[in-house]
Amino acid sequence: MKNEVKQSKIPFISKFAYGMGDVGCNFSWMFVGNFLMIFYTDVFGISMSAVATLMLLSRIWDAINDPIIGGLSDKTRSRWGRYRPWLLFGAPFTTLILILTFWAHPEMSQINKILYMSITYCILVLGYTCVNIPYGTLCGAMTQNMDERAQINTSRSVSAMVAIGIINIITIPLIDFFGNGNSQQGYLWIAVLYGIIFSACHIFCFAKTKEVVEIPKQQRYPMMVQLKAVMKNKPYLLALAGQILFGFILYGRNADMIYYFTYVEGNANLFSLYSLAIIVPSIIGAACFPWIFKWTTNKGWAASIFALGSGITMIGLYFFSPNTSPVPFYVFAALSQFFFSGFNTAIYAIIPDCVEYGEWKTGIRNDGFQYAFISLGNKIGMALGTSLLALTLGIAGYVPNVEQNQEVISIMHHCFSTIPGILWILTAFVLFYYKLNKHTYNRIVNIINYQKNK
């Protein structure tokens with residue numbers, strides 16, 4: 001039985017195709033995370049308080065639809081598998097909603113703007129959930145080999161970092177190009193372009209991947225039974241805590257970055273230069289994860305190391321400016337992105353391994369259900385990060401498209417550097433307690449496979 005885990009090798013084209021799925025994810029969701037808030041406030045003309053309220057209340061909607069989609073994907077039976085069909089049919093639908101979300105109507109009354117924002121955003125979240133949860137769960141269905149999963153997630157993270165870098169570099173210039181001075185038109189055409197890329201990448205991922213892991217036939221467990229099983233899965237609970245912190249830091253800071261460069265540094269185009277400076281460190285950081293994992297034999301410890309590095313270097317960013325001290329600013333920016341990219345790879349590589357731990361511990365295998373709560377945790381973090389940013393900026397007196405007061409400037413500055421830095425150090429502390437190492441995992445998988453075959 002010892003060789004069984006080692007034989008689950010994945011072809012390069014499948015790893016590449018899986019990585020392209022996250023390219024698609026980022027051309028939609030990272031675009032949303034980085035640009036939707038400033039689109040709502042500065043282009044659509046919606047108040048900060050309304051945006052903050054939507055970000056918080058939409059998580060109630062997530063709490064309902066994420067577990068449902070996760071459970072439905074687990075129960076899906078088709079000639080393509082359980083998860084891949086969701087990519088094929090969910091991506092085009094999500095593309096359409098993405099376009100509608102970035103279709104501004106500044107002439108509407110404030111009430112109608114809020115209604116339009118709420119409806120399109122909630123449907124967009126549902127569409128993205130229908131694609132992202134099956135996509136994330138697919139990794140665990142492709143192989144049970146821990147090293148292969150690490151390589152698959154490295155491919156995913158490297159692809160994601162490239163996509164994020166491209167998005168951050170080209171989006172503002174493309175808004176100007178497509179809009180020709182009209183931001184409303186610019187955002188709409190960007191949404192059309194990125195939506196097409198989103199669909200194309202997921203259809204390619206669907207075509208070139210394969211589900212091979214056999215699932216126990218008795219999989220119709222009530223939700224409460226699955227929840228109790230999840231609560232007994234300690235590695236999974238730590239991964240979930242890491243994802244909540246990850247979402248809070250990532251999306252809160254990303255939403256702040258456009259404001260930071262626009263109002264603190266006085267030039268929105270510096271965001272593109274910043275993004276260009278960090279794209280290579282992003283790729284290197286993601287590619288370094290397998291070596292750190294090999295050294296630690298523990299993905300949680302690898303994530304902890306990367307999180308600690310992210311925290312220290314982001315705090316360092318507070319003391320420098322791209323205008324007055326560009327060299328140390330971009331050095332610290334590159335280092336922080338290197339560590340962040342390694343963490344991003346590690347935290348997603350952890351999740352599939354927790355499924356086998358849960359199956360061994362409780363006898364219940366529920367890949368999609370578990371990934372649904374990981375997705376929900378990430379979105380809760382995103383909601384808290386973005387809504388708290390919007391609330392504090394609104395309370396401090398933020399007014400779109402004018403010079404901001406000193407309190408607003410200070411909030412934007414700290415949200416770019418010190419606050420995420422401290423939270424990264426907290427994340428490192430949490431994931432230090434993750435104990436599912438490579439030796440333990442392989443022993444668990446061999447036990448599971450032995451029980452299936454006896």
Side-chain angles (χ1 to χ4, degrees), residues 25-26 28-37 39-41 44 46-76 83 86-87 89-103 105 110-137 191 195 198 223-224 226-227 230 240-241 243-248 250-252 254-255 366 368-391:
C25 287
N26 282 288
S28 61
W29 203 241
M30 195 54 64
F31 173 51
V32 168
N34 288 6
F35 292 93
L36 185 60
M37 186 168 147
F39 166 79
Y40 280 151
T41 59
F44 208 157
I46 300 172
S47 67
M48 275 284 189
S49 59
V51 174
T53 302
L54 172 68
M55 294 300 167
L56 280 175
L57 294 181
S58 65
R59 298 296 77 89
I60 299 173
W61 172 234
D62 279 330
I64 297 170
N65 71 63
D66 277 26
I68 291 174
I69 298 302
L72 288 175
S73 64
D74 278 336
K75 296 174 185 177
T76 299
Y83 308 115
W86 291 79
L87 311 185
F89 298 108
F93 168 77
T94 307
T95 291
L96 176 62
I97 304 303
L98 179 69
I99 294 168
L100 291 176
T101 301
F102 281 90
W103 185 13
H105 300 279
Q110 190 68 202
I111 292 176
N112 287 337
K113 287 179 183 179
I114 293 171
L115 284 174
Y116 185 88
M117 172 183 69
S118 302
I119 293 169
T120 53
Y121 183 75
C122 287
I123 299 175
L124 177 66
V125 167
L126 174 61
Y128 184 74
T129 297
C130 289
V131 176
N132 186 249
I133 287 179
Y135 167 73
T137 312
F198 173 80
M223 183 173 290
M224 287 306 300
Q226 296 192 64
L227 281 172
V230 162
L240 179 60
Q243 279 287 345
I244 293 172
L245 286 165
F246 179 40
F248 184 91
L250 173 65
Y251 292 106
N254 282 0
N366 49 0
F369 186 83
Q370 288 193 31
Y371 197 87
F373 278 92
I374 291 293
S375 174
L376 178 60
N378 190 269
K379 290 176 182 176
I380 288 172
M382 175 185 179
L384 292 172
T386 53
S387 61
L388 285 175
L389 174 65
L391 281 171

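For the single chain, residues carry numbers from 1 onward in sequence order. Keep in mind that this is a model prediction, so the values were computed, not measured.
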Legend entry - Step-by-step side chain to side chain contact (heavy atoms under 4.5 Å, CB included) determination, Thr76 to Tyr83: CA-CA 7 Å; Thr76 299; Tyr83 308 115; over 6 Å; no
To the nearest 0.5 Å, tell me how far [X] [atom1] sits from [Y] [atom2].
X      : Y      : atom1 : atom2 : value
Leu54  : Ser49  : CG    : OG    : 11.5 Å
Thr129 : Asp66  : OG1   : CG    : 4.5 Å
Ile46  : Ser118 : CD1   : OG    : 8.0 Å
Met117 : Tyr40  : CE    : OH    : 6.0 Å
Leu376 : Leu240 : CG    : CG    : 8.0 Å
Ile244 : Phe248 : CD1   : CZ    : 11.5 Å

Donor-acceptor check, side chain of [X] to backbone of [Y], threshold 3.5 angstrom: yes or no?
X      : Y      : result
Trp86  : Pro134 : no
Gln110 : Ser47  : yes
Thr120 : Thr101 : no
Asn132 : Tyr128 : no

Distance-minimising heavy-atom pair for [X] and [Y]:
X      : Y      : answer
Ala383 : Leu56  : O-CD2, 4.4 Å
Ile133 : Gly70  : CG2-CA, 4.0 Å
Ile99  : Ala191 : CG1-O, 3.8 Å
Ala52  : Leu391 : CB-CG, 3.6 Å
Tyr135 : Cys25  : CD2-SG, 4.1 Å
Ser387 : Met55  : CB-CB, 3.9 Å

Inset, instruction - Please examine the side chains of Phe373 and Val230, heavy atoms only from C-beta on, and report whether any two atoms are closer than 4.5 Å. - result: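 No, every pair of side-chain atoms sits at 4.5 Å or beyond.
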Legend entry - Whether Tyr121 and Trp29 hold their rings parallel, tilted or perpendicular, with breakpoints at 30° and 60°: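 If you compare the ring of Tyr121 with that of Trp29, the planes turn out parallel.
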Inset, instruction - Using only heavy-atom distances, determine whether the side chains of Asn34 and Tyr251 contain a donor-acceptor pair under 3.5 Å. - result: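 Not at all, the side chains of Asn34 and Tyr251 share no donor-acceptor pair under 3.5 Å.
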Legend entry - Candidate list Leu98, Val125, Asn254, test side chain to side chain contact (heavy atoms under 4.5 Å, CB included), partner Val32, passing option: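 Result for side chain to side chain contact (heavy atoms under 4.5 Å, CB included) with Val32: Leu98.
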Legend entry - Test log, rule side chain to side chain contact (heavy atoms under 4.5 Å, CB included), inputs Asn112 and His105: CA-CA 9 Å; Asn112 287 337; His105 300 279; over 6 Å; no
Legend entry - Ring centre gap for Phe102 and Phe35 strictly below 6.0 Å: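 So the answer is no for these two rings.
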Inset, instruction - Give the intermediate values and the outcome of side chain to side chain contact (heavy atoms under 4.5 Å, CB included) for residues Phe93 and Ile97. - result: CA-CA 7 Å; Phe93 168 77; Ile97 304 303; 4.0 Å; yes
Inset, instruction - Check the pair Leu250 / Met30 against side chain to side chain contact (heavy atoms under 4.5 Å, CB included), numbers first and verdict last. - result: CA-CA 10 Å; Leu250 173 65; Met30 195 54 64; 4.1 Å; yes
